[in-house]
Amino acid sequence: MSVTTATPAVTAPTAGRTLPLVRDGLAATAVAAVATAAVAAAGELAGIGAVVGGMPIPASGFAVLTAIFSVVGVVLALGLARWARRPRTTFVRTTVVLTVLSLVPDVVADASVTTKVLLMLTHVVAAAIVIPAVARRLS
């Protein structure tokens, strides 16, 4: 006598599901990059210098790093869409944890308290833009 067990199938994302995920993820990346640069520029106007360890961080630096790590998030979402049983839930949980972990270097940075808060705010702003936009496209 043989026993058969049902295993839920994890299907690879089709082009029809992948394209909107990438499109929306890259659009959110662009918006987040502009938003973090704007937050950094607003901080400068308010007298909060983005100076860490004696080195100033230009507003464009915020945009570039936001874009790089947001694209990493989109790639993560593509992998989860392919291999995770519940890609949306897994993506949101993973990226929230990664966002919290990304605050640790800001807390320990050689910078003023106001600069640390500004740095952490840019992380939260980027996450608040990218995570929901990408999660919406995951099933």
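Just so you know, these numbers use all the heavy atoms, side chains as well, and skip hydrogens, waters and symmetry mates.
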Do V107 and M120 have side chains that approach each other closer than 4.5 Å (heavy atoms only, starting at C-beta)? yes

T90 side chain to P87 backbone, donor-acceptor under 3.5 Å: no

Nearest 0.5 Å, please: how far is NZ in K116 from CG in L121? 16.0 Å

Looking at R93, I'd like to know if its CZ atom is crowded, meaning that more than 12 non-hydrogen atoms belonging to other residues, nucleotides or ligands lie closer than 6.0 Å. no

Which atoms form the tightest heavy-atom contact between S102 and H123, and what is the distance? OG-ND1, 2.7 Å

Going by heavy atoms in the side chains, are V52 and L119 under 4.5 Å from each other? yes

Side chains of T115 and S112: is there a donor and an acceptor less than 3.5 Å apart? yes

Hydrophobic cluster identity match, L118 and V124, side-chain contacts under 4.5 Å: no

Closest non-hydrogen atom pair between R88 and A135, with its separation: NE-O, 2.9 Å

Is there a donor-acceptor pair closer than 3.5 Å between any side-chain N or O of T95 and the backbone N or O of V92? yes

Quick one, T99 with I131, criterion side chain to side chain contact (heavy atoms under 4.5 Å, CB included). Give me CA distance, side-chain angles, the key distance, then yes/no. CA-CA 10 Å; T99 301; I131 293 171; 3.9 Å; yes

At their closest point, which heavy atom of A32 faces which heavy atom of V130, and how far apart are they? CB-CG2, 3.7 Å

Hydrophobic cluster membership, with links at side-chain heavy-atom distances under 4.5 Å among I/L/V/M/F/W/Y: are V134 and V96 in one? yes

Taking C-beta and beyond as the side chain, do L103 and D106 meet within less than 4.5 Å on heavy atoms? yes

In residues 53-78, what donor-acceptor pairs under 3.5 Å come from side-chain atoms, sequence neighbours left out?
unit_1	atom_1	unit_2	atom_2	d
T66	OG1	T36	OG1	2.9
T66	OG1	F62	O	2.7
S70	OG	T66	O	2.7

